[in-house]
Amino acid sequence: MTSLDKPGAAAGLRTGRPRRRRAGTGGRRGVPLPLLLPGLLGLAFLLLPLLALLVRAPWRALPRLLGSTEVWQALQLSLISATAATAVSLVLGVPLAWLLARTEFPGRGLVRALVTLPLVLPPVVGGVALLLALGRNGVVGQWLDAWFGITLPFTTTGVVIAEAFVAMPFLVISVEGTLRAADPRYEEAATTLGASRFTAFRRVTLPLIAPGIAAGAVLAWARALGEFGATITFAGNFPGRTQTMPLSVYLALQNDPEAAIALSLVLLTVSIAVLAALRDRWMTTP
């Protein structure tokens with residue numbers, strides 16, 4: 001009897017469905033060696049610096065190093081400025097994300113590209129751009145100084161502006177993606193029942209996209225907390241006024257390496273906390 005004479009094979013030919021493979025024969029096979037070695041090297045490349053930071057950390061002197069007044073001033077300023085920058089990003093970024101996701105206007109693709117530009121722009125270049133725009137002799141800053149006496153560079157407000165400039169794109173991208181995934185028919189149904197567009201956005205859309213807003217806010221806050229280049233260029237490095245944790249790490253690395261390691265551990269802990277907060281959204285597999 002040939003293989004075509006078997007009943008199972010004939011049934012498979014009649015139904016047009018291929019025969020199922022036996023369990024265990026079609027599963028995952030071993031990882032190819034040309035892929036395994038570079039993958040392990042990439043993992044080691046990413047983890048080795050972090051492990052070195054933990055190994056060389058002055059654990060016994062950690063309470064003394066983190067208990068100084070300068071460290072607490074830098075930490076307090078970092079937390080306050082990052083939170084304020086996130087609030088600015090929420091107030092301005094959520095409406096911007098809604099415009100990009102829900103409205104059609106000429107040049108929308110160009111606007112989206114410009115919104116995401118700070119993601120790839122070197123932070124120092126962003127700081128220079130902020131100086132040229134909002135500095136005392138800047139395009140807008142000169143009028144703020146002449147009309148209202150407001151000077152933004154080298155102030156705590158300048159720190160918030162620099163951090164919001166580099167952090168807001170993370171929020172906009174997250175919220176826009178969530179808006180595109182949400183069904184717009186709920187908003188349309190609300191408007192047909194008499195609600196205004198803003199009421200539909202506030203009562204219907206916001207609850208739907210709340211997880212995306214929360215994830216974007218966490219990312220923006222973490223990015224603002226770790227900002228260095230734009231901050232030191234636009235706001236300077238003045239202890240108690242503009243010196244945030246990353247700037248304090250840079251300064252301590254030149255004078256007291258142990259203090260720099262201790263401050264880096266604080267930022268590392270915050271980064272791990274952010275990843276833990278976003279675990280259910282981006283770090284789970286289907």
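Both backbone and side-chain heavy atoms feed into the values below; hydrogens, waters and symmetry mates do not.
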Practice prompt. Using the side chain to side chain donor-acceptor pair (under 3.5 Å) rule, take N237 and Q243 through it: C-alpha gap first, then chi angles, then the decisive distance, then the call.
Written response: CA-CA 5 Å; N237 186 17; Q243 187 180 93; 3.1 Å; yes
Worksheet item: Should the heavy atoms of other residues, nucleotides or ligands under 6.0 Å from CG of N255 be counted, would the total exceed 12?
Response: yes
Discussion item. Under 4.0 Å between a side-chain nitrogen and a carboxylate oxygen: does that hold for E163 and R223?
Written reply: no
Worksheet item: Does atom CZ of F105 have more than 12 heavy-atom neighbours from other groups under 6.0 Å away?
Response: yes
Worksheet item: Taking all atoms of both residues into account, what is the closest heavy-atom pair of S174 and G216, and its distance?
Response: OG-N, 3.5 Å
Discussion item. Is it true that, when you exclude Y250 itself, more than 12 heavy atoms of the residues, nucleotides or ligands shown sit nearer than 6.0 Å to its OH?
Written reply: no
Fill in: Side-chain heavy atoms of V249 within contact of F228, under 4.5 Å
no
Fill in: Single-linkage hydrophobic cluster, 4.5 Å side-chain cutoff, F148 and L134 together
yes
Worksheet entry | L53 vs I261 side-chain heavy atoms within contact, under 4.5 Å | yes
Discussion item. How about CD on Q142, more than 12 heavy atoms from neighbouring residues, nucleotides or ligands closer than 6.0 Å, or not?
Written reply: yes
Response to the item:
Scanning both residues in full, the closest heavy-atom pair of A182 with I209 reads CB-CG2, 4.4 Å
Discussion item. Does R136 have more than 12 heavy atoms from other residues, nucleotides or ligands lying within 6.0 Å of its CZ?
Written reply: no
Worksheet item: Just wondering, more than 12 heavy atoms not from R203 lying within 6.0 Å of its CZ?
Response: no
Item to complete: Check whether V140 and L130 end up in the same hydrophobic cluster, where Ile, Leu, Val, Met, Phe, Trp and Tyr are linked by side-chain heavy atoms less than 4.5 Å apart.
Response: yes
Worksheet item: When rounded to the nearest 0.5 angstrom, what is the spacing between CD in E176 and CG in L179?
Response: 8.0 Å
Discussion item. So which atom in M245 and which in L267 form the shortest heavy-atom distance, rounded to 0.1 Å?
Written reply: CB-CD2, 3.9 Å
